[in-house]
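Everything below concerns the one structure shown next.
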Amino acid sequence: MLRRFAVAAARRSRGSIGASVGSSMDHQSRSLSAAAIATAEVVEEEASKGGCAGIRKLSTMTWLSPLTIGNVNPKVMKCEYAVRGEIVMRAQLLEQELITKPSSLPFEEIIYCNIGNPQSLGQVPITFFREVVALCDNPSLLDKAETHALFSADAIARAWKIIDKIPGKATGAYSHSQGLQYCREEIAAAIARRDGYPAKAEDLYLTDGASVAVHMMMQLLISSEKDGIMCPIPQYPLYSASMTLHGGSLVPYYLNESAGWGLEVQELQQQIQKARGSGINVRALVVINPGNPTGQVLSEENQKKIIQFCKDERLLLLADEVYQENIYAEGKKFQSFKKVARSMGLGENDLSIVSFHSVSKGYYGECGRRGGYMEVTGVDKDVKEQIYKIASVNLCSNISGQILMSLVSNPPKAGDESYEDYVRERDGILASLARRAKLLAEGFNKLEGVSCNQAEGAMYLFPRLHLPERALKAAAAVSMAADTFYARRLLDATGIVVVPGSGFGQVPGTWHIRCTILPAEEKMPALITRLTSFHQRFMDEFRD
């Protein structure tokens, strides 16, 4: 009887698994069911010998998890996110080994250069922003006399103003799904000042960082694998990962490394024709400016050509502008795509633009606060209602992130008590980032077989590795991409964590790594020394 019960359960499991994952998983389903039946046969014998103990063993041994690696959504299985991928997981294991067996490794610390996470590498938060957020999160402090001795007067005044605009006066409550009206109005006013053209609060959707906003737009745009989004190569892997999760097709366009990672409209035209010729319905173009991982800053003339391309091809322009504060190259400046489009005489009836911004980058680097927004213009009202529906499913973004987004958009101004300290902190961070970008690029360019464009903006360098043939063969022998092989060897020898360029996409046959410019300035010479020593040993080992 016990065997009949277990075998029946296993057969039900087989039917359930087969139904859930389709015919492609039939072989695995049969294997799982066969294993369960075999287990049941063993347990029948054990149960006959052991009475209740055998029955308990039966209940343990015949259970099959309803969620296995065989029936996980294949889109999730296919999705990759390199900046927290296998090299980083290896680094985390080594970090634990440094604690338990420090003498076993040839370095004393892990230096994470894999992700734009400034405060994790020692960047100090902007005082004014943190004061206001702290007071908003604990408004009871506003009534205490000692608060005036600890917080600046303008931070206290700003916190009162924000708290008075929050329903219930509590940051622990839900807000409107698009975000607090006050915060959206503050951000819209800041966008209008930045661009010189009007902006509206109703066009803004406040999100938990820009990443959530990107996912929302992918949900809206992609209904099948025939829906395509044009994306730069190299690209920030959020876009490829998001497209994979939502089942769409990435339509690549290659940036020109020899021209400082330039974006050429001729390349866009070739790639869209190729995609359409293969039956892809190209719906949008992603542009990252300043570039990630490449660090280039687009010229206004280049932006105009991109805008005209989107208008002519009836594409939604997805403008990733989260690094707009991070400009280092002399003569370069950020201009939003919306501003350039308006300067061309294009209004909301001429071009659809969604621009993304975040508190994670810039000089503030508040990654963990998860504040961001997207501004949606040139889109029909009924479509915006659908975007609102998606936002409503998430209820709302976190309130502290919304507040912080409004603050970085409206920092202290001249005459405020915090203004001088704010300017000193902001300018100090940006100047240091510029020095670090220059120093690290120079370090890479001194290495044998390495070429690296200067970072005009953002937080990264994307040097190219010209590796010896023997190194390529050694990588292939262990089934690794050549740049992954290099990055793994670099980590194991030095504790420096970089991301293989293959995780961002690159011209076939080329190899790169992405490295942040974020390690503390005083640590940069030692980092370059470690990198230089490793690279020389690596090249000597694999020299042809």
For the pair Lys332 (side chain) and Val297 (backbone), establish whether a donor and an acceptor sit closer than 3.5 Å, ignoring hydrogens and angles. yes
My understanding is that only residues two or more places apart in sequence, or in another chain, count here; which of them pass ring pair (Phe, Tyr, Trp, His ring centres under 6.0 Å) with His512? Trp261, Phe462
Any heavy-atom pair between the side chains of Arg369 and Gln119 that's under 4.5 Å? no
Do Val212 and Ser397 make a side-chain contact, defined as non-hydrogen atoms from C-beta onward lying under 4.5 Å apart? no
Contacts satisfying ring pair (Phe, Tyr, Trp, His ring centres under 6.0 Å) that involve residues 85-109 (not counting sequence neighbours) are none
Pair Ser432-Arg436, side-chain hydrogen bond (donor to acceptor under 3.5 Å, both in side chains): steps then yes or no: CA-CA 6 Å; Ser432 177; Arg436 282 179 267 174; 3.0 Å; yes
Measure the spacing between SG of Cys396 and CG of Leu206 and express it to the nearest 0.5 Å. 10.0 Å
Can you measure from OG (Ser242) to CD1 (Ile229) and round to the nearest 0.5 angstrom? 9.0 Å
Shortest non-hydrogen contact from Ala458 to Pro290? N-CB, 3.8 Å
Pairing residues for Glu97 by the salt bridge (charged side-chain N to carboxylate O under 4.0 Å, His left out) criterion, not counting sequence neighbours: none
Is there a donor-acceptor contact under 3.5 Å from the side chain of Glu257 to the main chain of Thr294? no
side-chain contact (heavy atoms from CB on, under 4.5 Å) involving Ala493 - partner list, sequence neighbours excluded: Phe534, Arg537
Which pair of non-hydrogen atoms, one from Thr207 and one from Ala213, has the smallest distance, and what is that distance? OG1-CB, 3.7 Å
Here the gap from Ile233 atom CD1 to Phe504 atom CZ, rounded to the nearest 0.5 Å, amounts to 11.0 Å
Report yes if some heavy atom in the side chain of Ile115 is under 4.5 Å from a heavy atom in the side chain of Thr516; otherwise report no. no
As a quick check of understanding, evaluate salt bridge (Lys or Arg N to Asp or Glu O under 4.0 Å) for Arg90 and Glu86, giving each step before the final call. CA-CA 6 Å; Arg90 168 73 176 165; Glu86 60 179 295; over 6 Å; no
Any side-chain heavy atom of Asn289 within less than 4.5 Å of one from Asp320? no
Those residues that, when tested against Tyr239, pass ring pair (Phe, Tyr, Trp, His ring centres under 6.0 Å) (two or more places apart): none
Decide, yes or no, whether a salt bridge links Arg489 with Glu541 under the criterion of side-chain N to carboxylate O below 4.0 Å. yes
Does a side chain donor of either Tyr460 or Tyr236 reach within less than 3.5 Å of an acceptor in the other side chain? no
For the residue pair Ser299 and Glu301, confirm or rule out a side-chain donor-acceptor distance under 3.5 Å. no
Has Ser249 got a side-chain atom pairing as donor or acceptor with Glu225's backbone, closer than 3.5 angstrom? yes
Do Ser502 and Gln506 have side-chain heavy atoms sitting under 4.5 Å apart? yes
Listed partners of Lys361 passing salt bridge (charged side-chain N to carboxylate O under 4.0 Å, His left out), at least two apart: none
Could you pull out the closest heavy-atom pair between Asn445 and Cys452, with the gap in Å? OD1-N, 2.7 Å
Do you see a donor-acceptor pair shorter than 3.5 Å between the side chains of Ser336 and Glu321? no
Ignoring hydrogens, what is the shortest heavy-atom contact between Thr494 and Leu490? Give both atom names and the distance. OG1-O, 2.6 Å
Looking just at side-chain N and O atoms, do Ser360 and Arg370 make a donor-acceptor pair shorter than 3.5 Å? yes
Who are the salt bridge (charged side-chain N to carboxylate O under 4.0 Å, His left out) partners of Glu442, not counting sequence neighbours? Lys438
For Asp540, check salt bridge (charged side-chain N to carboxylate O under 4.0 Å, His left out) against everything at least two apart and list the hits. Arg543
What residues, two or more places apart in sequence or in another chain, satisfy ring pair (Phe, Tyr, Trp, His ring centres under 6.0 Å) together with Tyr364? none
Sidechain-backbone polar pair: Ser406 side chain, Ile187 backbone, donor-acceptor under 3.5 Å: no
Do the non-hydrogen side-chain atoms of His357 and Glu375 ever get within less than 4.5 Å of each other? no
Strictly by modelled atom types, are Gln235 and Ser240 linked by a side-chain donor-acceptor pair under 3.5 Å? yes
Tell me, yes or no, whether the heavy-atom count around Lys305 atom NZ, taken from other residues, nucleotides or ligands under 6.0 Å, exceeds 12. no
So which atom in Ala284 and which in Leu221 form the shortest heavy-atom distance, rounded to 0.1 Å? CB-CD1, 4.0 Å
Closest non-hydrogen atom pair between Tyr253 and Val286, with its separation: OH-O, 2.6 Å
Not counting sequence neighbours, list each pair that qualifies as a salt bridge (charged side-chain N to carboxylate O under 4.0 Å, His left out) and has a residue in residues 105-127. Glu109-Lys523, Glu109-Arg530
Can you list the residues that meet the side-chain contact (heavy atoms from CB on, under 4.5 Å) rule with Ala474, with sequence neighbours excluded? Phe485, Phe542
Using side-chain heavy atoms (C-beta onward) and a distance below 4.5 Å, is Ile353 in contact with Ile307? no
Does the side chain of Leu263 reach to within under 4.5 Å of the side chain of Leu268, using non-hydrogen atoms? yes
To the nearest 0.5 Å, what is the distance between CD1 on Ile513 and CD1 on Ile496? 9.0 Å
Run the ring pair (Phe, Tyr, Trp, His ring centres under 6.0 Å) test against Phe129 and tell me which residues pass, sequence neighbours left out. none
